[in-house]
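Letters A, B, ... mirror the listed sequences (proteins, then strands); counts begin at 1. Side chains included, hydrogens not; waters and symmetry mates left out as well; all remaining heavy atoms used.
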Amino acid sequence: MSEENIYTFENETYRKTYWHTCSHILAQAMKRLHPEVKLAIGPSIDNGFYYDFDTPEPFSETQLAELEAEMRKICKEKLKLERFELPRDEAVKFMEEKGEPYKVELINDLPEDAVISFYKQGDFTDLCAGPHVDSTGRIKGNAIKLTACNAAYWRGDSSRQTLQRIYGVAFPKKDELDEYLQRIEEAKKRDHRKLGRELGLFMLRDEGPGFPFFLPKGMVLKNTLLDYWREVHKKYGYVEISTPIMLNRQLWERSGHWDHYKNNMYTTVIDEVDFAVKPMNCPGGMLVYASEPHSYRDLPLRVGEIGLVHRHELSGALHGLFRVRCFNQDDAHVFMTREQMQDVIQETVRLFDEVYSTFGLSYTIELSTMPEDHIGTVEEWERNQDILKAAITDMGKDFVINEGDGAFYGPKLDFHLADSLGRTWQCGTIQLDSQLPERFELEYVGEDGQKHRPVMIHRVVLGSIERFIGVITEHFAGAFPAWLSPVQVKILTVTDRANGYAGEIAAALDARGFRPETDLRNEKIGKKIREATLEKIPYMLVVGDRDIENQTVSVRTRGGEDLGAMSLEAFAALLEEEVRTRTIK
RNA sequence: GCUGAUGUGGCUCAAUGGCAGAGCAUCUCACUCGUAAUGAGAAGGUUGUGGGUUCGAUUCCCACCAUCAGCUCCA
């Protein structure tokens, strides 16, 4: 294989190495221009690289441009990257002499047996495990772009000092960099916050930060989504309940939420009793289960709830519909025997697959394990983690482990979907829980006539309905499939002589359960088409004298395709089929 | 919550220490038109909120609120 082929960006390992070297070049440029700045750490990341620096002031755009220029210079200098190792005490001394306290801390925290390696390029040396490309000349200087400078905590710990993180991207060719930047620009156009306003789906106001308002069209979308949700869940044997939005403190103490999450809960006092607005639906669900005796014959018992929950998220974390303080969870609790656990988990994953594929969404799975702050024994946790792992492994699914990120009551499988910029958002989750049944003393009567304790899963597919709407808005760039589209057909009149006919068409479509709208304005047809297209309405029916005479509608799609004149019957059949099969176009 | 940036009609964006402007949207009038923007006119603003500096603040300063990017968090 030739060298050209080894050093290809298609190869993820090489790409990461390339970016890693870029971060060292950035640090070297920084040291040349600002010798007083302390170095922290600079890895490659999924889509580029960054380096954290300790400096009192953030870097201005001008300074970033200067750094970029210096980086280009370093690339041209073709400095060899040379690796060497030092014993721990010498490594510490080396970095102390260089006046790099962060590096000293990193070295000191390395495990006893760690190999402590450095990379030297010209006059610059950095602590680094590597690997790196062999020379700074490998890096294409004019395809490097420093994209942002933002604050980040030293070692990700919010109680420690704030560093300045400089982000960058780099490619082997200038064209590829331009293409990448172009793609980011394009992606911004499908931002659900922008589309949400343009399409009249939802709004956010200063009067209620993090509390979204749904507008008429957004409400149609939401309700259509919920209709679909109910249809799927009915098929999988779920029943639906609704539990109160506020419950007393005693209940939250019993569930453990008061101890673990009080700071994120909205509370109030009613008749001198503390109440909390629910941040989760489960305690209410426990009460429903416990309200009557259950037989093993009833299990697994699948109980769904579209529950409105409130959580006091940090102001800085709010983000359109992706991160809000009040949202609807498509929650469900499945109560079962221990023997049923694997089957129920797999059945749930199949349900997830069915739902996500309806939207053409792909996901990644994370298995989150026992957090420090947990209830239940370690053995119980490990047993439950193993069950989750076995269930998805058996289905041939890949997953990554997210150590210590489980819910306080149990391990979970999280299903992440990506937004327009490739940022991933947790939507679905399956949480295995044997703690709450214990705390709420849930029981069922077994075949043996004795009382037993069930186990349960907490699960959401869409996650937060609000977040899911945000995700699919970006996924479809606002051009929802016809079955979901708030307006499915817009009837556009050529002249006002067609207004009556347009009204009849609309009424006929409405009677068949479609969602039509008319545009009877005294405007040119070109303008009406343009606006309906921008509204991303799947079908436009142009009606004029000719159509009245022939009793037809002239069909155009939002994609600009002219399907020609056809009878209303023919069009309705076409749309009906598309809606029935939930076709994605 | 932390660091930084931003906040001007419904929307997108100008401008200035001295009368706040455009396009789109809205309303009115004319045009009755066949597949991505017809023309003319009108109306619409205490420049996020509250203080301060100044003869005068939308502009400069401070605080707060919200938004944006990132960090942290996300049961």
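Using the six-membered ring where Trp is involved, His257(A) and Trp252(A) have ring planes that are perpendicular, over 60° apart on the 30 and 60° scheme. Classification of the His310(A)-Phe211(A) ring pair by plane angle, with boundaries at 30° and 60°, yields tilted. Classified by interplanar angle (parallel below 30°, tilted 30° to 60°, perpendicular above 60°), the ring pair Tyr102(A)/Trp154(A) is perpendicular.
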Practice item. Apply ring-ring contact (aromatic ring centres under 6.0 Å, His included) to His260(A) and Tyr409(A), showing your working. Key: CA-CA 10 Å; His260(A) 292 261; Tyr409(A) 45 73; 9.2 Å; no

Practice item. Would you check, one step at a time, whether the test side-chain contact (heavy atoms from CB on, under 4.5 Å) holds for Phe399(A) with Leu413(A)? Key: CA-CA 9 Å; Phe399(A) 62 95; Leu413(A) 294 172; 5.6 Å; no

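Between Arg453(A) and Glu380(A), no side-chain nitrogen of the basic residue sits less than 4.0 Å from a carboxylate oxygen of the acidic one, so the salt-bridge criterion is not met.
For the P atoms, the distance linking G50(B) with U58(B) amounts to 11 Å, nearest Å. A gap of 11 Å separates the P atoms of A15(B) and G7(B), to the nearest Å. Distance noted for atom P between A20(B) and C24(B): 23 Å (whole Å). Only the P atoms considered, U12(B) is 15 Å distant from U67(B), to the nearest whole Å.
Side-chain proximity of Thr495(A) to C33(B), U67(B), A36(B): nearest is C33(B). Which of A75(B), C73(B), G34(B) sits closest to the side chain of Ala317(A) comes down to C73(B). Counting only heavy atoms from C-beta on, Asp206(A) has its side chain closest to A66(B) among U32(B), A66(B), G34(B). If you check U72(B), A75(B), G70(B) against the side chain of Leu314(A), the one that comes closest is U72(B). In this structure, of C2(B), C68(B), U12(B), it is C68(B) that holds the atom nearest to the side chain of Arg193(A). In the set U38(B), A75(B), G4(B), U38(B) carries the atom at the smallest distance from any side-chain atom of Lys527(A). The side chain of Met280(A) sits closest to A75(B) out of G34(B), A75(B), G70(B).
Residue-level contact check: Ala152(A) touches the backbone only, with heavy atoms under 4.0 Å from sugar-phosphate atoms and none from bases. Heavy atoms of Thr533(A) sit under 4.0 angstrom from at least one base atom.
Comparing Val542(A) and Gly156(A) by the nucleotide of RNA chain B whose heavy atom lies nearest to each, the residue mapping closer to the 5' end is Val542(A). Position along RNA chain B of the nearest nucleotide to Arg323(A) versus Glu531(A) favours Glu531(A) as the more 5'-ward residue.
When the side-chain nitrogen and oxygen atoms of His319(A) are compared with OP1 and OP2 of A69(B), one or more of them lie within a distance under 4.0 Å. Put simply, Ser554(A) has no side-chain N or O that comes within less than 4.0 Å of OP1 or OP2 on G34(B).
Under the 4.5 Å side-chain criterion, counting only non-hydrogen atoms from C-beta, Asp496(A) is not in contact with Leu520(A).
Secondary-structure stems of RNA chain B, taken as three or more successive Watson-Crick or G-U wobble pairs (i with j, i+1 with j-1) under a 3.5 Å distance threshold, comprise B:1-7 with B:65-71, B:10-13 with B:21-24, B:26-30 with B:38-42, B:48-52 with B:60-64.
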